[in-house]
Amino acid sequence: MLDAMETATFDTALGMFGIGWTERGVARLLLPGEDAEAMRDRLDRGGARPGEPDRAISALMGRIEDYAEGVRVDFSGTRLDLAGVPDFHRRAYDLLLLVGWGETLTYGDLARQLGDVGLSRAVGQAMGANPIPLIIPCHRVLAGNGKPGGFSAPGGAVSKVRMLALEGVSVGAPAGQMSFGF
């Protein structure tokens with residue numbers, strides 16, 4: 001049985017985020033791009049309910065606020081609740097959690113790490129289904145040509161490019177390369 005999910009919304013320099021958590025950890029994160037009512041409706045589907053963040057969730061919200069202001073943030077220690085997430089997606093997310101601030105890789109790179117470059121489309125599907133973007137940094141996965149590729153969050157690829165820019169990544173440079181501006 002899935003734990004009951006509690007939710008909250010909070011403002012950042014990038015806009016309003018939505019977060020959902022259970023006793024096991026963060027279960028959902030919604031990126032900015034929707035109005036407050038639409039975001040709350042999406043968060044509270046399936047029996048979730050507004051809640052009061054505990055210390056760990058409040059601290060995470062603070063780190064997300066820092067990220068939105070361009071502060072280098074490491075989300076790797078965040079407890080996640082991936083109940084109901086398919087095994088292949090979990091394996092892709094586990095590998096993606098190792099990709100740090102300002103680093104990128106391609107869908108093909110991630111597919112190779114999962115055992116077969118032919119899994120690139122499946123990797124793309126896993127990224128599109130990511131219930132916890134930013135913390136599971138699907139924005140750091142690029143197309144093979146160094147372009148942003150798809151991004152299912154509000155704002156699409158423009159949001160992805162904006163997030164990468166906060167991390168010092170110039171999209172269009174070879175994957176894994178950062179632009180230092182000199």
Side-chain angles (χ1 to χ4, degrees), residues 5-22 25-45 48-82 93 96-106 126-143 146-173 175-182:
M5 185 169 67
E6 295 182 74
T7 64
T9 58
F10 59 102
D11 284 316
T12 73
L14 290 174
M16 183 179 291
F17 276 77
I19 190 167
W21 67 93
T22 68
V26 178
R28 185 175 305 152
L29 189 72
L30 300 181
L31 300 177
E34 297 179 302
D35 66 53
E37 187 176 333
M39 184 169 281
R40 282 188 201 90
D41 287 347
R42 276 187 61 206
L43 274 173
D44 293 340
R45 280 188 204 146
R49 65 185 188 287
E52 276 302 312
D54 62 16
R55 269 182 135 163
I57 296 300
S58 292
L60 174 61
M61 290 164 65
R63 290 197 323 268
I64 293 169
E65 290 170 6
D66 290 344
Y67 177 91
E69 293 175 8
V71 175
R72 185 183 185 121
V73 177
D74 178 9
F75 295 111
S76 63
T78 304
R79 286 182 353 152
L80 304 177
D81 180 351
L82 294 173
Y93 301 157
L96 194 51
L97 288 168
L98 303 174
V99 179
W101 174 279
E103 298 174 3
T104 61
L105 75 167
T106 68
M127 297 306 104
N130 180 1
I132 314 171
L134 179 59
I135 296 169
I136 299 173
C138 57
H139 64 284
R140 296 179 182 151
V141 183
L142 303 175
K147 300 256 192 265
F151 198 54
S152 60
V158 172
S159 294
K160 185 178 203 174
V161 169
R162 187 174 181 194
M163 292 170 73
L164 289 169
L166 281 173
E167 298 182 23
V169 175
S170 176
V171 176
Q177 300 295 311
M178 296 192 319
S179 171
F180 293 99
F182 56 82

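Considering all non-hydrogen atoms of both residues, Ala27 and Thr22 come closest at CB-CG2, 4.3 Å. Across every non-hydrogen atom of Ala13 and Ala68, the tightest pair is CB-O, 3.5 Å. Closest of all the heavy-atom pairs between Leu30 and Arg42 is CD2-NH2, 3.3 Å. The minimum heavy-atom distance between Glu6 and Gly51, with the atom names listed, is OE1-CA, 3.3 Å. Between Asp81 and Gly25, the closest heavy-atom pair is CB-O, 3.7 Å. Contact detail for Leu43 and Ala8: the closest heavy-atom pair is CD1-O, 3.5 Å.
Taken from CE in Met5 to CZ in Arg49, the straight-line distance is 10.0 Å, to the nearest 0.5 Å. A distance of 7.5 Å separates CG in Leu14 from OH in Tyr67, rounded to the nearest 0.5 Å. Note: Met127 CE to His139 NE2 = 12.0 Å, rounded to the nearest 0.5 Å. Atom-to-atom distance recorded for Arg28:CZ and Asp44:CG is 8.5 Å, nearest 0.5 angstrom. The distance from atom CZ of Arg72 to atom CG of Asp66, rounded to the nearest 0.5 Å, is 14.0 Å.
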Run the side-chain contact (heavy atoms from CB on, under 4.5 Å) test on Leu80 and Tyr93 for me, step by step, so that the C-alpha distance in whole Å, both residues' side-chain angles and the decisive distance to 0.1 Å come before the verdict. CA-CA 11 Å; Leu80 304 177; Tyr93 301 157; over 6 Å; no

Evaluate the criterion side-chain contact (heavy atoms from CB on, under 4.5 Å) for residue pair Leu31 and Phe17; output intermediate values, then yes/no. CA-CA 5 Å; Leu31 300 177; Phe17 276 77; 3.4 Å; yes

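When each of Leu97, Thr104, Leu164 is tested with Pro137 by the rule side-chain contact (heavy atoms from CB on, under 4.5 Å), just one qualifies, namely Leu97. With Ile19 as reference, Leu29 is the one residue of Ile132, Thr7, Leu29 to meet the side-chain contact (heavy atoms from CB on, under 4.5 Å) rule.
Listed by chain and number, the residues in a side chain to side chain donor-acceptor pair (under 3.5 Å) with Thr9 amount to none (sequence neighbours excluded). Listed by chain and residue number, nothing satisfies the ring-ring contact (aromatic ring centres under 6.0 Å, His included) test with Phe75 (two or more places apart in sequence, or in another chain).
With hydrogens and angles ignored, the 3.5 Å screen pairs a side-chain donor or acceptor of Asn130 with a backbone N or O of Ile136. Proximity of a side-chain donor or acceptor of Lys160 to a complementary backbone N or O of Val141 within less than 3.5 Å is detected.
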Donor-acceptor list for residues 52-63 side chains, cut-off 3.5 Å, not counting sequence neighbours:
| from | atom 1 | to | atom 2 | distance (Å) |
| --- | --- | --- | --- | --- |
| Asp54 | OD1 | Ala56 | N | 3.2 |
| Asp54 | OD1 | Ile57 | N | 2.9 |
| Ser58 | OG | Asp54 | O | 3.1 |
| Arg63 | NH2 | Thr78 | OG1 | 3.1 |

